[in-house]
Amino acid sequence: MGLTGFGVFFLFFGMILFFDKALLAIGNILFVAGLSFVIGLERTFKFFFQRHKFKATSFFLGGVLVVLIGWPIIGVVLEIYGFFLLFRGFFPVAVGFIRRLPVLGSILNLPVISGFVDKVGESNNMV
């Protein structure tokens, strides 16, 4: 969990500091390594290399590679798109959980925000 947390921290910090290449590269490596340690190598490979997730995996890992090459803005855009494609099956669960929290749930039910959150929280199949 520590590696994944540090990876997210370095990614966030790298974006705040105007897409610093070194911080983003460290964050990517730590995030992928932490994910592998949390769920195991075999499950990580099964998760990323499923046939129906090939497009998402290509964008995410391609974005990591582009950041490592030295084009951080393009790489982060590719990573974010791939991340949303990979984990969009988890978003309805996360939105349902957050809606049950006392303060955040009331914020998500505000009229301006609830329409967007309902779209994100919709369950749809990866095709």
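No option in Val77, Val76, Leu78 other than Val76 meets the side-chain contact (heavy atoms from CB on, under 4.5 Å) test with Ile80.
For the pair Leu23 and Leu17, the tightest heavy-atom approach, listed with the atom from each and the gap, is CD1-CD1, 3.7 Å. Heavy-atom minimum distance, Pro72 versus Leu24: CB-CD1, 3.6 Å. Nearest heavy atom pair, residue Met1 against residue Val38, reads N-CG2, 3.7 Å.
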Could you list the donor-acceptor pairs under 3.5 angstrom formed between side-chain atoms of residues 92-99 and any protein atom two or more places apart in sequence or on another chain?
residue	atom	partner	partner atom	Å
Arg99	NH1	Asp118	OD1	3.2
Arg99	NH2	Asp118	OD1	2.6

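Between Lys46 atom NZ and Lys53 atom NZ the span is 13.0 Å, to the nearest 0.5 Å. To the nearest 0.5 Å, atoms OG1 (Thr44) and CG (Leu35) are separated by 5.0 Å. From Ser58, atom OG reaches atom CG of Leu65 across 11.5 Å, with rounding to the nearest 0.5 Å. Put simply, CG on Leu30 and OG1 on Thr4 are 9.0 Å apart, with the number rounded to the nearest 0.5 Å. With rounding to the nearest 0.5 Å, the separation of NE2 in His52 from CG in Leu85 is 11.5 Å.
Residues Phe91 and Lys119 are not in side-chain contact: their nearest non-hydrogen atoms beyond the backbone lie 4.5 Å or more apart. Residues Phe49 and Leu61 meet the side-chain proximity criterion, which asks for heavy atoms closer than 4.5 Å. The closest side-chain heavy-atom distance from Leu86 to Phe47 is below 4.5 Å. Between Val32 and Phe48 the shortest side-chain heavy-atom distance does not fall below 4.5 Å. With a 4.5 Å cut-off on side-chain heavy atoms, Leu68 and Asn28 do not count as touching.
Linking Ile, Leu, Val, Met, Phe, Trp and Tyr whenever their side-chain heavy atoms come within less than 4.5 Å leaves Phe54 and Val66 in two separate clusters. A continuous path of hydrophobic side-chain contacts links Phe59 to Ile74 [ILVMFWY only; heavy atoms under 4.5 Å]. A chain of hydrophobic side-chain contacts below 4.5 Å, direct or via other Ile, Leu, Val, Met, Phe, Trp or Tyr residues, connects Ile73 to Phe84. With hydrophobic clusters built from ILVMFWY side chains whose heavy atoms lie under 4.5 angstrom apart, Ile29 shares a cluster with Phe60. Under a hydrophobic clustering in which Ile, Leu, Val, Met, Phe, Trp and Tyr are joined whenever their side-chain heavy atoms come within less than 4.5 Å, directly or via other members, Val8 and Phe10 fall into different clusters.
The salt bridge (Lys or Arg N to Asp or Glu O under 4.0 Å) contacts involving residues 63-79 comprise nothing, where partners must be two or more places apart or lie in separate chains. For residues 11-44, every residue pair satisfying the ring-ring contact (aromatic ring centres under 6.0 Å, His included) rule, not counting sequence neighbours, is listed here: Phe9-Phe13.
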